[in-house]
Amino acid sequence: MWIPGTIDLKVTVGGVDITAYVPRVDGGERGLPGIHIEQVVGKAIDTCSFAVENGAALDIDEWDEIVVSNAAVTVKYFAGFISQVAARQVGPEVDLTCQCQDYTILLEKAIINQEWKVITADTAILTAVRANSTPALTELDFSSLVTAVGSTARLRASRRKVRDLLDDLAARVGADWYMDYDKKLHWFQTEDTPAPYDISDAPNFTTTFPAAGLERMVDGSGVVNRVTVVGGAYLSDNITHEYAGDAQQVRFVVPHFYQAQSGESSVLVDVNTGSDAAPVWAAKSVGIKYIDDAAGKDVLFAFQEKYFEFAAAPPLLVKAWRVRARYQAPLRQRVSLASSYALYGRWLEDVLVDASINSKSEAQDAGMAYLAERNAISVLSGSVEEPGLRAGQVIHVTAAGLGLAGDYLIRRLGITCPGPTSIRFAVELGDYLPDLYEMLREIAKDAAGTAEWRDDEVLDELLQTDERLTGVDAAV
């Protein structure tokens, strides 16, 4: 029979070992909670809660640094800062209950006010952010585990939270990131970290171990397999549009906002000097209405009003004159997932509205990403007692009864202590998808807005201090 190994946890606050004061298991004589840790893949903040029995004399405060590890401190299960302390009187003693957040919280508490006007590598931006944020994030490592992913042009941070800037920079260059328990920033395009063992329904207890209560849930309620992308305006390919004339009309209203073809400096206009059956196109000089002198141009083009005005009327022909140009058109594109339709036998549609999408290729990519995030979600859950797992690792799962034989991402890991010397890992496995926490954070970030950038700003800094004036009555 396999028996899980014992784990000697160590809890330090501010570098002081308080393990003897921290109950591991829920309950006990004083009804205190045990240690609870929740690790989440990606940029969400990991959390930890623990209690301190008779801890009033330990001087534990908010923003004290905490580390939960094994006794040798070779494996860290959590590291960060205490964010909340609740005290409860128990006779002559005081018990504490503490809530904690990992080091990512430092990025929420630092702002950056800087502009990069030229194309800059992501690694150079990260180096500048670490040094120039207020307060400076010099206690964090922004280089050891940072991999160059790409560059970006003209990035402006007007008193933005560093965490928000990292999100935006990652979106621009196609990177992902997180802070680890050694205060090191991981910046990468893809990062596949294999788990130290696999989960199996036929474990050998060396490289494979069992999972208790393994369950599989598939949620198809949010499936979308066809999306219509409603973007802004896109610029067409080079086109030629022909128009009729009557030998009298000189002003022609057109249906498009025409722009110059690729490689040209202006819209091109030709007049037919032949016939409809055998057109002969003669190029005309084109000027901009209200800007160029009409006397020097054959045709004036009013972009906003969408009309051409000729000095001499085009001939009485169906193909009297033509425009060679490109034009702005509302971007509407439908993206479909045929494999999903084959599976479900029906189209499940939605609409994606994003005015910042200005090209068909961008609409295609956005639509495919939208559909990829709305596949049926398969989530596995269970618990293991073999240590070594961490949110973000990739683990292989074999369970014949559930039809499972593949690799899964550890999306969430809950760590508790079922006994004084044991540890349990509640795992949630599946695809890496943004969870509700990250979606709500994006909504809150958009609602908060950003500070206006000013090149001429001056910062007045007010620092609160104690000021006392002592008066003494004296006889004169």
Side-chain angles (χ1 to χ4, degrees), residues 119 153-154 226-338 347 349-371:
I119 296 176
R154 194 171 183 85
R226 173 182 280 175
V227 60
T228 299
V229 181
V230 178
Y234 78 98
L235 202 57
S236 73
D237 296 331
N238 292 343
I239 54 87
T240 298
H241 287 168
E242 297 175 347
Y243 293 94
D246 60 5
Q248 295 183 8
Q249 182 179 351
V250 294
R251 177 178 290 188
F252 295 84
V253 177
V254 292
H256 303 296
F257 293 102
Y258 284 118
Q259 296 187 31
Q261 288 187 343
S262 301
E264 300 290 345
S265 58
S266 67
V267 171
L268 303 178
V269 175
D270 307 313
V271 171
N272 187 359
T273 59
S275 64
D276 285 327
V280 177
W281 297 107
K284 300 297 179 179
S285 60
V286 180
I288 305 300
K289 183 73 173 179
Y290 310 119
I291 296 177
D292 293 321
D293 185 0
K297 301 294 182 181
D298 298 320
V299 186
L300 291 180
F301 174 45
F303 176 81
Q304 292 295 341
E305 294 86 352
K306 294 192 296 186
Y307 70 82
F308 287 88
E309 189 172 85
F310 287 77
L316 177 60
L317 294 171
V318 174
K319 299 179 181 180
W321 64 281
R322 70 181 184 181
V323 178
R324 288 179 288 149
R326 293 182 294 172
Y327 63 91
Q328 290 183 346
L331 181 58
R332 307 290 186 268
Q333 185 156 334
R334 176 177 286 172
V335 183
S336 304
L337 204 59
W347 290 117
E349 301 205 18
D350 204 353
V351 177
L352 170 61
V353 180
D354 186 346
S356 68
I357 299 175
N358 294 312
S359 71
K360 289 185 176 181
S361 61
E362 191 177 354
Q364 176 74 18
D365 292 342
M368 289 304 298
Y370 190 86
L371 296 179

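By convention here, the first residue in the shown sequence is residue 1.
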[X] versus [Y], closest heavy-atom pair with distance:
X      : Y      : result
Asn358 : Gly232 : OD1-CA, 3.9 Å
Leu331 : Ala363 : CD2-CB, 4.0 Å
Ala244 : Ala320 : C-CB, 3.8 Å
Pro330 : Tyr234 : O-CE2, 3.7 Å
Ala366 : Ile357 : CB-CD1, 3.7 Å
Ile288 : Asp292 : N-OD2, 2.6 Å

Would you call Arg322 and Asp270 a salt bridge, taking side-chain N to carboxylate O under 4.0 Å as the test?
->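 Here Arg322 pairs with Asp270 in a salt bridge, since their nearest N and O are under 4.0 Å apart.
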
Please set out all donor-acceptor pairs under 3.5 angstrom arising from side-chain atoms of residues 294-315, sequence neighbours excluded.
| unit_1 | atom_1 | unit_2 | atom_2 | d |
| --- | --- | --- | --- | --- |
| Asp298 | OD2 | Ser285 | N | 2.9 |
| Asp298 | OD2 | Ser285 | OG | 3.2 |
| Glu309 | OE1 | Lys289 | NZ | 2.9 |
| Glu309 | OE2 | Arg251 | NE | 3.3 |
| Glu309 | OE2 | Arg251 | NH2 | 2.8 |

Contact between [X] and [Y] at the side-chain level, heavy atoms closer than 4.5 Å - yes or no?
X      : Y      : value
Trp281 : Asn272 : yes
Asn238 : Arg324 : no
Leu316 : Gln248 : no
Tyr370 : Asp350 : yes
Gln333 : Thr228 : no

Rounded to the nearest 0.5 Å, what separation is found between the CD atom of Gln261 and the OG atom of Ser266?
-> 10.0 Å

What distance do Leu235 atom CG and Ser359 atom OG have between them, rounded to the nearest 0.5 Å?
->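 The OG atom of Ser359 is 10.5 Å from CG of Leu235, to the nearest 0.5 Å.
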
Without hydrogens or angle criteria, can the side chains of Tyr258 and His241 be said to hold a donor-acceptor pair below 3.5 Å?
-> yes

Polar contact flag, side-chain donor to acceptor under 3.5 angstrom, Arg226-Ser336 =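 Note: Arg226 and Ser336 side chains meet the donor-acceptor criterion.
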
Which pairs, with at least one residue in residues 252-267 and sequence neighbours excluded, count as a salt bridge (charged side-chain N to carboxylate O under 4.0 Å, His left out)?
-> none

When you look at Val230 and Arg332, which way does the side-chain contact (heavy atoms from CB on, under 4.5 Å) test go after all the steps?
-> CA-CA 5 Å; Val230 178; Arg332 307 290 186 268; 3.5 Å; yes

Does Asp276 use its side chain to pair, donor to acceptor, with the backbone of Lys319 at less than 3.5 Å?
->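 Checked: pair present.
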
